[in-house]
Structures are given as structure tokens and as C-alpha cells.
Amino acid sequence: MSYQRVKFYQTGTFTIGNRLLDESNRTVQAGMDRTNSLNSGHRACQGCGEALGARYALDAVMRATHQQMVAVNATGCLEVFSSPYPESAWQIPWLHSLFGNAPAVASGVAAALRAKGRKDVRVIAQGGDGATVDIGFGCLSGMFERNDDVLYVCYDNEAYMNTGVQRSGSTPPRAWTNTTQAVGAHPGNPMGIGKNLPRIAMAHGIPYVATASVADLHDLEAKVTKAMKFRGARYIHIHVPCPLGWKSDPAHTIKVARLAVECGLFPLIEAEGGEVTDRTPIREKVPVEPYLELQGRFKHLFHPRDARALETIQAIADANIHRYQLLPVKA
Amino acid sequence: MERKPFAITLNPASSLANHTGNWRTMRPVYVDHLPPCNQGCPAGENIQGWLYEAEEGKYEQAWRKIMEENPFPAIHGRVCYHPCETACNRGQLDEPVSIHAVERFLGDYAIEQGWQVKAGVETGKRVLVVGAGPSGLSAAYHLARLGHAVTIIEAGPKPGGMMRFGIPQYRLPRNVLDAEIARIVAMGVSIHLNQKVENLEKTIKEGGFDAVFLAIGAHLSKRVNIPGRDAGRMIDALGFLKGMDGRAVPKIGRRVVVYGGGDTAIDAARTAKRLGAEETILIYRRDRGHMPAHDFEVEEALEEGVLTRWLHTIRQVDNTTLTVEEMTLDEQGRPQPTGRIETLEADTVILAVGQDVDTGFLEDVPGLDISSDGVIQVDASMMTGRAGVFAGGDMVPAERTVTVATGHGKKAARHIDAYLRGSEYRKPSPNTVAAYDRLNTWYYTDADKNRQPYLDLARRRASFEEVVGGLDSDTALLEARRCLSCGNCFECDTCYGVCPDNAIIKLGPGQRYEVNYDYCKGCGVCAEECPCGAIDMVKEVR
Ligand SMILES: Cc1cc2nc3c(=O)[nH]c(=O)nc-3n(C[C@H](O)[C@H](O)[C@H](O)COP(=O)(O)OP(=O)(O)OC[C@H]3O[C@@H](n4cnc5c(N)ncnc54)[C@H](O)[C@@H]3O)c2cc1C
Ligand SMILES: Cc1ncc(C[n+]2csc(CCOP(=O)(O)OP(=O)(O)O)c2C)c(N)n1
Ligand code: SF4
Ligand code: SF4
Ligand code: SF4
Ligand SMILES: [Mg+2]
């Protein structure tokens with residue numbers, strides 16, 4: 001596990017803070033002095049998981065680098081909702097160029113800083129799943145291969161949300177999107193296609209790869225903090241529900257993310273040099289159905305009930321649980 | 001004019017200019033909901049409130065919070081049947097918080113530390129309290145805190161009522177009882193012992209009292225008609241238990257039969273066992289499931305070797321021979337005779353079949369409404385039909401427990417205070433209950449209940465030593481921390497953390513949080529994630 005969970009009566013380290021715990025066991029987000037890298041007034045939808053995930057990750061980077069960092073952002077919701085001309089919601093140095101080139105721009109920024117001898121300033125690149133898994137993939141793979149000193153953070157909301165919910169290589173099987181309508185014999189996104197970018201990143205043998213979720217902040221912050229201890233190319237893939245594209249209740253953003261982790265569909269893992277080194281065990285295992293049922297994009301699996309699809313999705317979750325040994329450790 | 005880069009016409013601005021709060025259709029508001037434990041406590045304690053203090057090891061603050069409502073934490077931590085724990089939400093998760101055990105620890109710790117409570121600023125009003133049981137003492141305590149001069153007149157030789165002359169020492173050690181009463185006396189309450197009020201109007205007049213609280217309990221043992229040749233072998237449970245306070249230990253012989261199914265019967269049987277009776281048999285007309293006694297007390301009695309004859313009734317007592325008949329339950333659960341008769345040998349038969357109120361001296365008080373079953377009627381302010389005379393505890397229609405009696409004392413004191421000031425006491429209307437489904441239990445850790453130690457059985461059978469032990473400072477702290485803080489913010493920072501719009505302002509330790517409505521979009525994530533359900537989403541009105 002990425003951090004030592006404190007078993008402390010009441011809530012331990014499961015809540016964001018905990019007045020009964022030592023400050024060092026609370027999160028960056030619990031602090032009154034957190035950066036709020038992404039400030040209020042941004043135009044993300046109600047309950048946007050991506051806005052939340054970005055603040056979680058970047059505030060942790062700010063603390064880890066003693067405020068010496070610069071972020072490069074791919075096009076996507078995160079960029080569009082945060083920077084409508086002439087306003088900016090960013091309280092960090094922040095650059096935007098194109099949809100497909102964020103890893104390349106970040107490589108360039110890292111090279112420039114190296115040329116200037118600024119070892120203290122660290123580079124972050126970030127983008128949505130479309131930017132990362134699909135259009136920017138070539139640049140990203142190059143950045144990994146060259147082992148450029150960049151932490152790339154992907155906010156995975158499992159589709160191209162900013163342009164109106166189109167399928168990406170990260171869209172899960174059977175999910176409705178505007179380009180994978182819930183019609184025909186196999187409604188929604190076809191089974192058996194798509195890419196698992198954390199595993200692709202691992203295959204590059206880069207120093208550090210991790211997955212994280214907005215549902216487990218302690219885990220997320222620990223991974224970001226750890227990533228900043230390495231030099232070279234690093235990759236963190238964060239699961240961020242999108243109420244608009246997932247057709248879920250904005251209030252359920254974290255609940256949905258939590259169920260994804262607890263059912264095994266989104267495993268929380270860490271890898272160094274291409275080898276899995278750790279996983280965060282599930283706390284209370286649940287079947288995939290409660291997770292899917294909260295999202296309108298899977299509605300067609302339940303009306304009428306598509307038992308075969310549900311079984312196949314459950315099998316994916318079970319395979320993850322088996323591969324990463326996610327079952328809770330018995331006390 | 002400042003020169004701008006090519007194609008740039010506007011100055012850079014912050015997103016703070018964009019008040020996203022105007023998107024909102026629902027708004028989050030912080031609310032203190034009523035925790036089910038508080039709702040369940042007959043003494044009206046703010047249990048969640050004092051557990052919150054105890055969680056941080058702030059034992060004195062925790063104790064003082066209890067003392068705002070109940071002057072007897074050490075006593076209640078022992079004898080209260082803790083309906084709070086039956087209501088506790090944690091019971092649906094694993095086991096209820098052992099509220100009584102923490103309360104007892106705080107009460108004992110306060111006695112050890114000698115913590116006291118101050119009387120209020122003198123009002124010059126004089127109040128008479130009749131009876132020094134839990135109800136009378138509780139009223140006296142609260143009246144003293146409100147600044148009134150209180151005189152208690154008590155018929156018995158010592159204060160405490162049934163807490164001393166009913167509840168046995170192995171459940172309530174007398175040094176604990178004495179210490180919690182002494183604290184009330186130290187506040188200036190005077191207790192006149194060995195004086196029975198015979199003529200209420202005369203006592204009021206002579207003492208110049210402005211108001212009265214009656215709390216005389218229910219001390220007359222009910223009778224049952226059992227034909228018997230040697231009545232001397234039949235005694236009533238109250239007389240028997242009361243005798244335990246004297247020097248002369250009641251003589252009961254080798255074989256004892258206790259007749260009844262309530263807590264008093266159980267206490268009588270367990271006491272008889274401790275006095276050396278080789279055989280103590282509890283006879284009750286219905287079965288165990290129908291006993292009015294609390295099951296844990298039945299269990300403790302069985303452990304100590306008390307024997308039972310459920311579904312039996314005593315038909316006749318002939319010297320040491322008892323004729324008993326087996327009973328059966330009809331569909332309504334009522335006992336019906338079967339005609340199957342047997343005999344038993346007993347040196348003493350102890351009758352524990354209930355108590356009545358001794359209302360004799362109240363019959364000529366004008367306006368007093370005594371119902372046919374002998375209890376005194378009171379209105380919502382605990383006042384009887386005679387203006388200025390209030391009543392509570394076992395003598396009014398209610399459940400007969402120490403806790404209800406103590407709660408009545410507090411309630412009456414608040415109404416007496418208002419009466420004396422010529423105003424009306426209005427209890428603030430309670431908030432909606434923080435039911436289990438308000439909680440987001442994912443955030444709570446698993447935590448086993450801390451169990452209280454028990455005296456070993458051999459010593460339980462042979463002595464009056466306290467059976468159940470207390471938690472220590474460490475285990476009490478852990479137990480307090482099992483509380484889920486239902487419906488009341490406990491500053492876990494979760495709302496502050498999960499808001500995608502940074503619209504929750506953290507005000508700092510002890511200050512809780514505020515919503516920044518300029519930016520809150522009303523998504524409801526904070527309300528959904530709050531572990532204890534302290535945030536409501538309410539319709540936005542513009
Ligand atoms: C054996 C036994 C065990 C019990 N165990 C428990 C238990 O574990 N938990 C629990 O919650 N409850 C228990 N109860 C019930 C509880 O003790 C009573 O409900 C409670 O004590 C009632 O309080 P009270 O103040 O109304 O009356 P009491 O406690 O009966 O006090 C009334 C006082 O008024 C005095 N008095 C009466 N008449 C006059 C008069 N005319 N002038 C002056 N003084 C007078 C009496 O001497 C007495 O001291 C038990 C009761 C018994 C009998
Ligand atoms: C080269 C190019 N093609 C298409 C677009 C239009 N476009 C902008 S954002 C976006 C989708 C972004 O999806 P993703 O990266 O998953 O981010 P999200 O909005 O879902 O957070 C697209 C297609 C573009 N800006 N540039
Ligand atoms: S569309 Fe989805 S990702 Fe984009 S701002 Fe709205 S909730 Fe966030
Ligand atoms: S968990 Fe705490 S606040 Fe909730 S009912 Fe139990 S004691 Fe009361
Ligand atoms: S999480 Fe933030 S934006 Fe959403 S309702 Fe709560 S305060 Fe408002
Ligand atoms: Mg996306």
C-alpha cells in the first residue's frame with residue numbers, strides 16, 4: 001500500500017483530515033494553507049471529478065516541490081473550463097499549447113530548465129484520457145522512452161468529454177457515448193478493444209507508474225508525493241468520474257469512484273521500473289452492478305437486464321482482483 | 001495605455017470574477033441533527049456532545065457537559081438500562097457504543113478528582129423537595145444551579161431512595177452513591193432525614209416555600225392472595241432489600257423462593273444467593289421471554305446459580321411447603337393454569353410483585369389528581385393540579401427507572417424556575433433525528449467494543465463486591481472514539497477536501513466550516529460524503 005493506513009478508532013485515515021490525528025497523518029487537502037492550484041470560479045460542471053482530481057494532484061505536487069513547479073496542460077475540459085480568456089483559475093505556473101502535444105511541450109520545458117540549470121523546478125504534464133491514451137500517445141511514448149524528467153498525470157473520465165462525450169481508447173466496454181450509442185445487438189462501446197495505459201507505461205520500464213482515484217485521497221497524495229522523489233519519466237493515471245458523460249448524479253462523484261475501486265474495475269497499483277510493487281487492497285468488496293447502476297451510460301445493461309454483459313464486466317473486475325491481489329487482507 | 005502582446009486586448013483576470021454560485025439550485029447547509037442516542041436518553045443528556053470531548057481526552061469538559069443534564073454519571077453508568085445504546089446507530093454497524101461504560105468512567109474519574117459544581121446566583125426563592133430519591137435529588141441539583149434555595153425532606157435515615165434501599169451494592173457500591181449525593185449537598189442543598197411529610201400544606205406554610213417538588217417514589221409492596229398457614233415465612237422484596245442496609249442481615253434460611261419476574265425479583269434472588277441460601281428459585285408465571293426484567297440481569301442471575309421455574313405460580317404456602325402449579329401461555333401470552341400441581345420446600349418466600357405509591361398524606365391536598373392506580377397526574381410542565389406543586393419519578397405515570405426519575409427532576413426544575421420567575425419554560429424544539437441512513441459509513445474504521453471486566457463467579461456468589469468493573473482511562477478513550485458523531489460535525493475535513501470548487505471554508509480547530517456561496521455550485525458532493533450526515537441540501541430560493 002502506498003501509505004500506512006492508521007487504524008484509529010472513529011475514522012482513522014479514511015477521512016480527509018481527522019482532528020484526533022497528528023498533522024503529519026492528515027492530507028494536504030486538510031490544510032488551511034493548501035495551494036488551491038485550481039481556484040474557485042472555474043467553469044467545470046457541478047461535481048466534476050476532473051476538477052477535483054487536478055486540485056488534489058497539483059496541490060500535492062506544490063507541497064512536494066516547495067512550490068517550484070510548472071504544469072503543461074493538454075486541451076480538454078480541464079484546460080477549457082479553467083482558462084476562458086482572459087480569466088484563469090490557475091494559481092500555479094501553467095502552460096497550454098495543443099490537444100495532442102502536451103508530453104512533447106513538457107519534454108521541451110524540462111530540457112529548457114536543464115539548460116538553465118534549474119534542477120529545483122519540476123515539470124508536470126496533464127491531460128484527459130483522450131489527450132493521453134489517443135491523440136497525444138505518440139508524444140507520451142517518446143517522453144517515456146527518453147525518460148524525460150516529467151510527471152505526466154492523466155485524468156481519466158473515460159471519454160472525450162469536452163467535445164460532447166465521444167468514445168476514447170479508455171472508454172469501458174458497453175458504455176454509452178455519443179459515438180457508441182446504446183443500440184443494436186451489442187449496445188454501447190464494443191467489448192475487447194481499448195487500451196490500458198498504466199500497463200503500457202509500465203512496459204516502457206519508466207521509474208514510476210501508479211493509478212489513483214479521487215475516492216482515496218490519502219493514497220493519491222502519497223503516490224504523487226512519491227512520484228516527485230524520482231527523476232525521469234513518471235506516470236500517474238487518476239480515475240475521475242464525469243457526471244455529464246457518465247450520466248451520474250453530481251453528488252455521487254466520489255461514491256461512483258469509490259465503487260469502481262471497491263468492485264475491482266479500477267485497481268489501485270504502483271510500479272517501479274516496469275514491475276508492480278504494490279497495490280491498495282479493497283476495503284469492502286462489492287459486485288460491479290452497484291457501480292454500473294449509478295451511471296446512466298450503463299442504463300441499457302439493466303433495461304432489460306443484459307446478464308451476459310454484466311457477467312463479462314464482472315469477469316474483468318475479478319481478473320483485476322486476481323492479477324493484483326486486491327482482496328482485503330484479513331486482520 | 002499599457003502595451004499588450006499581439007492580438008491581446010484584455011488584461012489577465014482571475015476566475016474569481018466568475019461567481020459560479022449562481023448556477024446553484026440546491027444549497028448545502030450545516031445542521032446539527034439530533035443523534036439517536038440523545039433522543040433515547042430519558043435524562044436528556046447530550047451524549048454525542050460529551051463523547052466528542054471525551055474522544056480528545058478532555059475528560060473534565062466531557063463530565064461537565066453531562067453535569068448540565070444529569071448530576072449522577074457514576075450512578076447512571078452503573079444502573080441505567082441505557083436506552084441510548086439501544087438507539088445508537090453504531091449498533092447497525094457492529095455493536096453500539098458502550099455509552100454507559102464511558103459515562104461511568106467519567107463519573108468515577110470526577111469523584112477521584114473531586115470535581116464540583118457551583119450553585120447559581122441566589123434568587124431568594126425557596127423550594128421544598130419531598131423525597132431524596134434520584135428524582136428529588138436531581139430536581140434539587142438543577143434548582144440549586146438555577147440559584148434557588150432547596151430543602152429536601154426525606155422520611156428515610158439516608159438519602160438516595162431506591163438507589164440505596166432497592167438496588168443492591170453489587171450493582172451500585174454505596175461509596176459511589178454517597179459521593180454523588182455529597183456533591184449536591186456541597187452546593188448548599190439541605191437534606192432533612194428521618195422526617196416524613198405528613199401534612200403538605202402545613203409544611204409549605206411553615207417553611208415559607210414558594211414551590212414544591214414531590215418525589216416520594218412507589219414504596220408500598222403490592223400483595224398477592226396466596227392462602228398460607230405460616231405468613232411469617234413470606235416477606236416482601238422491598239423490605240428484604242431495604243434490610244440489607246442495616247447491621248442485622250435478614251435471616252432467610254437455606255431454601256429461598258422468589259416470586260415475580262421483574263428486576264426487583266432478580267435483585268432479591270441474587271441477594272439471597274449472596275446471603276448464603278443454598279437454593280434460590282425464581283418462580284414466574286410466564287416464560288423467560290415474557291419477563292419484565294432485563295435479560296442481561298436474568299443472565300447474570302443464572303450465572304450466579306439462581307434456579308428458575310418459569311411458567312409456574314404459587315397456589316398455597318403451608319409452613320415450608322409450597323404448592324405450585326404449572327402454567328401455559330395462551331395466544332395473547334397470558335398465563336393459564338394447567339392443573340399440574342407439584343410441591344416445593346422453602347424456608348422463605350420473597351414476594352416481588354410490584355409497588356404502589358403511598359399517596360395517603362396527599363389525599364387532602366386541594367386540586368391533586370390521584371388516579372385509580374394510585375399515581376399522581378401531572379401536566380406537561382410536571383405540575384400537579386395544585387398550583388406550584390410539581391411531581392415526578394415513580395409516583396407519576398411513567399416508566400419506573402432511575403434515569404426517568406432523574407430526567408423528571410431536571411424537567412420539573414426548569415419549569416419550577418420559570419414558574420418562580422413568572423415566565424414559561426419552552427424547550428427548544430429538537431432537530432430532526434440523524435438516522436442511520438444519513439451516515440456515510442465507509443469512512444469509519446472497524447473498532448471492536450471495549451468490554452468491561454467482570455468479577456469472577458466464585459466471588460460474585462459469595463460477596464457483595466461490585467460485579468461489573470469499569471473501563472480505564474485508555475479503554476474509555478478508545479470507546480469514546482467509536483462514536484460516529486451522528487448528525488453533528490466532528491471536523492474531519494471531508495467536506496473541505498471533496499468540494500471540486502473550493503467552496504468550503506475551513507475556519508480552524510473548533511470553528512468548523514462555512515460554505516462560500518459565491519462559488520458553491522450546489523453539486524451536493526459535500527453532503528453526500530460527510531461521514532456523519534451533518535450537511536443538508538436545501539432548495540435554493542432566489
Ligand atoms: C430492587 C430495585 C432495583 C432497581 N434497579 C434499578 C436499576 O437497575 N436501574 C434503574 O434505572 N432503576 C431501577 N429501579 C427503579 C428505581 O430505583 C426507581 O425508579 C427510582 O429510584 C425512582 O426514583 P424516585 O426518586 O421517584 O423515588 P425513590 O427512589 O423511591 O425515592 C423516594 C424517596 O422519597 C421518600 N419518601 C417517601 N414518602 C415520603 C414522605 N411522605 N416524606 C418524605 N420522604 C418520603 C422515600 O423514603 C425515598 O427516599 C430499581 C428499583 C428497585 C426496587
Ligand atoms: C487536434 C485537435 N482535435 C480535436 C480537438 C477538439 N477537442 C478539444 S478537447 C477534446 C476532447 C478532450 O478529451 P479528453 O482528453 O479525454 O479530455 P476531457 O475533456 O474528457 O477531460 C477534443 C476532441 C482539438 N482541440 N484539437
Ligand atoms: S464534462 Fe465532465 S470533465 Fe468536463 S467539466 Fe463537466 S464534469 Fe468535468
Ligand atoms: S454513534 Fe455516537 S452519536 Fe451516534 S448514536 Fe451512537 S453514541 Fe450517539
Ligand atoms: S461540494 Fe462544494 S460546490 Fe458542491 S455543494 Fe458542496 S460546497 Fe457546493
Ligand atoms: Mg476524457
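Computed from a predicted model, the values in this text were never measured in an experiment.
- Applying the ring-ring contact (aromatic ring centres under 6.0 Å, His included) criterion to Y59(B), with sequence neighbours excluded, gives F105(B), Y109(B).
- In this structure, the side chain of D59(A) engages the main chain of S37(A) through a donor-acceptor pair within 3.5 Å.
- Qualifying side-chain contact (heavy atoms from CB on, under 4.5 Å) partners for R63(A), counting only residues two or more places apart in sequence or in other chains: V28(A).
- Neither the backbone nor the side chain of L21(A) comes within less than 4.5 Å of any heavy atom of chain B.
- Of the atoms belonging to Y513(B), not a single heavy atom falls under 4.5 Å from chain A.
- With a 4.5 angstrom heavy-atom cutoff, N440(B) touches chain A only via side-chain atoms.
- Salt bridge status for E55(B) with R19(A): present, with a side-chain N to carboxylate O gap under 4.0 Å.
- To the nearest 0.5 Å, the span separating CG on N488(B) from CG on L484(B) amounts to 12.0 Å.
- Identified by a heavy-atom distance below 4.5 Å to chain A, the contributing residues of residues 446-453 of chain B are D446(B), A447(B), D448(B), N450(B), in residue-number order.
- Both the backbone and the side chain of F8(A) have a heavy atom closer than 4.5 Å to some heavy atom of chain B.
- The cationic group of R258(A) does not satisfy the cation-pi geometry with F266(A), failing either the under 6.0 Å distance to the six-membered ring centre or the 45° limit from the ring axis.
- Take E60(B) and apply the salt bridge (charged side-chain N to carboxylate O under 4.0 Å, His left out) test, not counting sequence neighbours, and it matches R64(B).
- Ion pairing between a basic and an acidic side chain is recognised when a charged N comes within 4.0 Å of a carboxylate O; D536(B) and R438(B) show such pairing.
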